[in-house]
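We count ligands from 1, going down the list as the structure has it; atoms in each ligand are counted the same way. Everything quoted here is computed from the prediction, not taken from an experiment.
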Amino acid sequence: MKKQKKLVVGNWKMNPQSLEEAKKLATSVKRAMRGIKKTNVVLCPPFIYLSSLSSSAGNSFFLGAQNANYEALGPFTGEVSFSELSQFKVDYVILGHSERRKMGESDELINKKIRAVVGGGMTAIICVGESVRDINGDFYNFIKQQITSALKDVSKKLLDQIVIAYEPIWAIGASAPVSPAELCEMSIFIKKVLKDLCGAFSGGIKVIYGGDADKVNADILVRDGNVSGLLVGRESLRAKDFIEIIKLVDAI
Ligand code: 13P
């Protein structure tokens with residue numbers, strides 16, 4: 001069987017300050033992609049930069065959005081719909097990020113967005129993650145519940161358009177990631193949950209990791225953590241470091 005490609009996603013969050021910087025960052029990544037063979041790279045800038053970056057996307061890196069409304073169009077002030085995104089060559093959408101859950105997004109709303117995004121032909125990068133790790137391991141149930149609710153009524157035929165990003169909230173923006181051993185356990189657990197939920201169709205779903213991923217820990221997290229790639233925040237804003245991460249993952 002052909003080996004699945006790895007995935008490195010840059011979540012730029014509400015950065016950078018200017019379109020000029022955004023273009024520069026994307027151009028650097030695009031140039032570096034010439035030598036990358038086994039890894040798909042996704043850049044997720046703020047909405048306002050998507051149209052300018054879409055001409056560069058496709059052949060080298062993919063473009064992703066950081067959110068999408070599940071309605072195709074209508075009176076939703078300040079929102080951007082899943083169907084509007086497709087004209088800018090957006091192939092991925094990050095959904096359920098803890099920073100958006102904190103702003104009030106419920107499991108139910110996230111599920112609606114996921115169904116709209118995959119129904120619209122894009123891939124949903126679904127973020128799950130606990131805020132604390134209790135010694136009883138209850139956080140495992142929490143992750144199971146987040147995944148179960150995210151995938152409710154998602155057509156089995158569309159499951160290869162799903163990526164699960166395990167992002168423990170305590171590791172986001174922090175100075176240390178999860179340990180590779182703990183990540184490996186969580187990855188096995190998530191794959192088991194997916195198998196129970198989706199049966200044989202679960203094989204198409206990638207599991208990646210996010211939370212203080214950098215060029216020092218990228219290799220060991222992916223290799224020993226048993227994941228297919230990384231969702232990178234801060235380090236995706238520094239071209240040199242992000243490219244280093246891509247190269248390290250591609251070499252695995
Ligand atoms: P950091 O890589 O800055 O910890 O952010 C992780 C994240 O939230 C990616 O979505």
Pairs of nitrogen or oxygen atoms closer than 3.5 Å, one from Gly210 and one from ligand 1: do any exist?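 No, since none of the N or O atoms of Gly210 sits under 3.5 Å from an N or O of ligand 1.
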With a 4.5 Å limit on heavy-atom distance, are the side chains of [X] and [Y] in contact?
| X | Y | result |
| --- | --- | --- |
| Phe82 | Met122 | yes |
| Val178 | Arg133 | yes |
| Ser98 | Lys102 | no |

Counting from 1, what ligand 1 atoms have a heavy atom of [X] closer than 4.0 Å?
| X | result |
| --- | --- |
| Gly173 | 1 (P), 4 (O) |
| His97 | 7 (C), 8 (O), 9 (C), 10 (O) |
| Gly233 | 1 (P), 2 (O), 3 (O), 5 (O), 6 (C), 9 (C) |
| Asn11 | 9 (C), 10 (O) |
| Asp212 | 1 (P), 2 (O), 4 (O) |
| Arg234 | 1 (P), 2 (O), 3 (O), 4 (O) |

Can you sort out the partners of Ser18 under side-chain hydrogen bond (donor to acceptor under 3.5 Å, both in side chains), two or more places apart, ordered by chain and number?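 Here the qualifying residues are Glu21.
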Is it the side chain, the backbone, both or neither of Ile172 that has a heavy atom closer than 4.0 Å to ligand 1?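 Both parts.
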Tell me the contacting part of Glu167 for ligand 1: side chain, backbone, both, or neither, using a 4.0 Å heavy-atom threshold, strictly below.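 The part of Glu167 near ligand 1 is the side chain, not the backbone.
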Ring geometry between Phe62 and Tyr92 (parallel below 30°, tilted from 30 to 60°, perpendicular above 60°):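 Correct class here is perpendicular.
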Distance-only criterion, 3.5 Å: show the donor-acceptor pairs between side-chain atoms of residues 245-252 and protein atoms not counting sequence neighbours.
from, atom 1, to, atom 2, distance (Å)
Asp250, OD1, Lys38, N, 2.7
Asp250, OD1, Thr39, N, 3.1
Asp250, OD1, Thr39, OG1, 2.7
Asp250, OD2, Lys37, N, 3.2

By the definition side chain to side chain contact (heavy atoms under 4.5 Å, CB included), identify the one residue from Leu7, Ile164, Leu183 that meets it with Val227.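 Of Leu7, Ile164, Leu183, side chain to side chain contact (heavy atoms under 4.5 Å, CB included) with Val227 is met by Leu183 alone.
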Less than 4.0 Å is my threshold; does some heavy atom of Lys13 fall inside it relative to ligand 1?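 Checking ligand 1 against Lys13, which is what was asked, there is a heavy-atom contact under 4.0 Å.
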